[in-house]
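Heads up, the thing below is written out as structure tokens.
Because the structure is predicted, anything quoted here is derived from the model rather than measured.
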Amino acid sequence: MARAATVNKLFLLTKTDIPFNEAQVIIHQPSIKELSLIGETALLTSCDAITRNYKALNIDGVEELDKLSNFEIFMLIINQKTEQNKFIRECISKLLFLIFPIYKPAITPRALILQEHCDDGKNIMHMIDVTNFDIFSNIIWDMFCMAELKGQSKEYNPAGDRARAIIAKIEEGRRKREKLRGKEGSNETKSIFARYMSVLAVGEHKDLNELANYSMYQLFEEFKRFQMKEEFDYTFQAKLAGATNMKDADDWMDDIQPGSRKKEIQGDDKALTIA
């Protein structure tokens, strides 16, 4: 069953801070300029780790993981001492500092801690734990356009797996990607953000500095709308000129459905998608 949207679209379109009531904190939507401080690889690595449905990985002959929650598997993985998992932990830490600027984030063995310093000198501890992690994961999924980047809806399909086997499978995939990167260069040499901003700056006659202040959601939304408008205008003009057997373009003013950018993003898949 496909995952329903968690965040009100107006929050996303207006770049409003998002209330995360279950942890009694506010989530900041970073601008592209702010996201550049950690880079796209760190952003997508952390978002993938937070939003991944670990329980849906199918490994034949492996049982027992249905006893653990998605959060418990996530914590098990980021607390592993391997180099790859240390890297994931560092990426998550960077993202937490960006989206929780008024708190002091920390990753502990049992929870993600957000320390709030109050005017009276006291500190309040907020926690992201097993009770609210799925909601946090859904907010990150919506805020950072993971349906578009992964080309799929987030689904929960519990399967019987062991944490050790899941870690092995994930690390095997990472080793293959590292080998591929060695042949093709750094992920940071390709940038979806830079390409989208460049296209919109020319196509819509906008200042790059203005686009740099967009959130990721705003940039993706406007880029897709621009694509739809260009396709609609081209099809309309071609038909006026006598072209036949052309498929009608989608109405560029229709709602944009999550995941509808899959084909367009696949060209930079190696640069951004951390599978």
What verdict does the side-chain contact (heavy atoms from CB on, under 4.5 Å) test give for Q29 and M143, after you've listed the backbone C-alpha separation in whole Å, the side-chain angles of each residue and the deciding distance to 0.1 Å? CA-CA 7 Å; Q29 293 193 65; M143 195 166 81; 3.6 Å; yes
The test is side-chain hydrogen bond (donor to acceptor under 3.5 Å, both in side chains); show your working for N70 and R52 and say whether it passes. CA-CA 8 Å; N70 222 39; R52 179 183 286 272; over 6 Å; no
Run M216 and L43 through side-chain contact (heavy atoms from CB on, under 4.5 Å) and show every step you take. CA-CA 11 Å; M216 180 173 169; L43 171 65; 3.9 Å; yes
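Under the 30°/60° scheme for interplanar angles, the aromatic rings of F74 and Y54 are found to be tilted. The aromatic rings of F100 and Y103 lie perpendicular to each other, with more than 60° between the two planes, well past the 30° mark.
Here the options are T51, I50, D48, I99, the test is side-chain contact (heavy atoms from CB on, under 4.5 Å), and the partner is F144; only I99 passes. In summary, of the residues considered (S46, P105, P30), a side-chain contact (heavy atoms from CB on, under 4.5 Å) with L95 occurs for S46 alone. Partner of F20 under the side-chain contact (heavy atoms from CB on, under 4.5 Å) criterion, out of L114, N132, I26, V7: N132 alone.
Between K122 and E116 there is no salt bridge, since no side-chain nitrogen of the basic residue lies less than 4.0 Å from a carboxylate oxygen of the acidic one. A salt bridge links E222 with K206: at least one charged nitrogen is closer than 4.0 Å to a carboxylate oxygen.
Put simply, OG1 on T16 and CG on L12 are 9.0 Å apart, with the number rounded to the nearest 0.5 Å. The line from CD1 of I128 to OG of S137 is 10.5 Å long, rounded to the nearest 0.5 Å.
One hydrophobic cluster holds both Y214 and F11 under the rule that ILVMFWY side chains link at heavy-atom gaps under 4.5 Å. In the hydrophobic clustering of ILVMFWY residues, with side-chain heavy atoms under 4.5 Å counting as a link, I139 and V130 come out together.
Residues C47 and M146 approach most closely at CB-SD, 3.7 Å, considering heavy atoms. The minimum heavy-atom distance between Y217 and D142, with the atom names listed, is CD1-O, 3.7 Å. Between E34 and L98, the shortest heavy-atom distance links the atoms O-CD1, 3.7 Å. L10 and N8 make their closest contact through N-OD1, 2.8 Å (heavy atoms, listed as atom of the first residue, atom of the second, distance).
Residue Q24 qualifies as open at atom CD: its count of foreign heavy atoms under 6.0 Å is 12 or below.
Using a distance-only test at 3.5 Å, with no hydrogens or angles considered, no donor-acceptor pair links the side chain of H117 to the main chain of N123.
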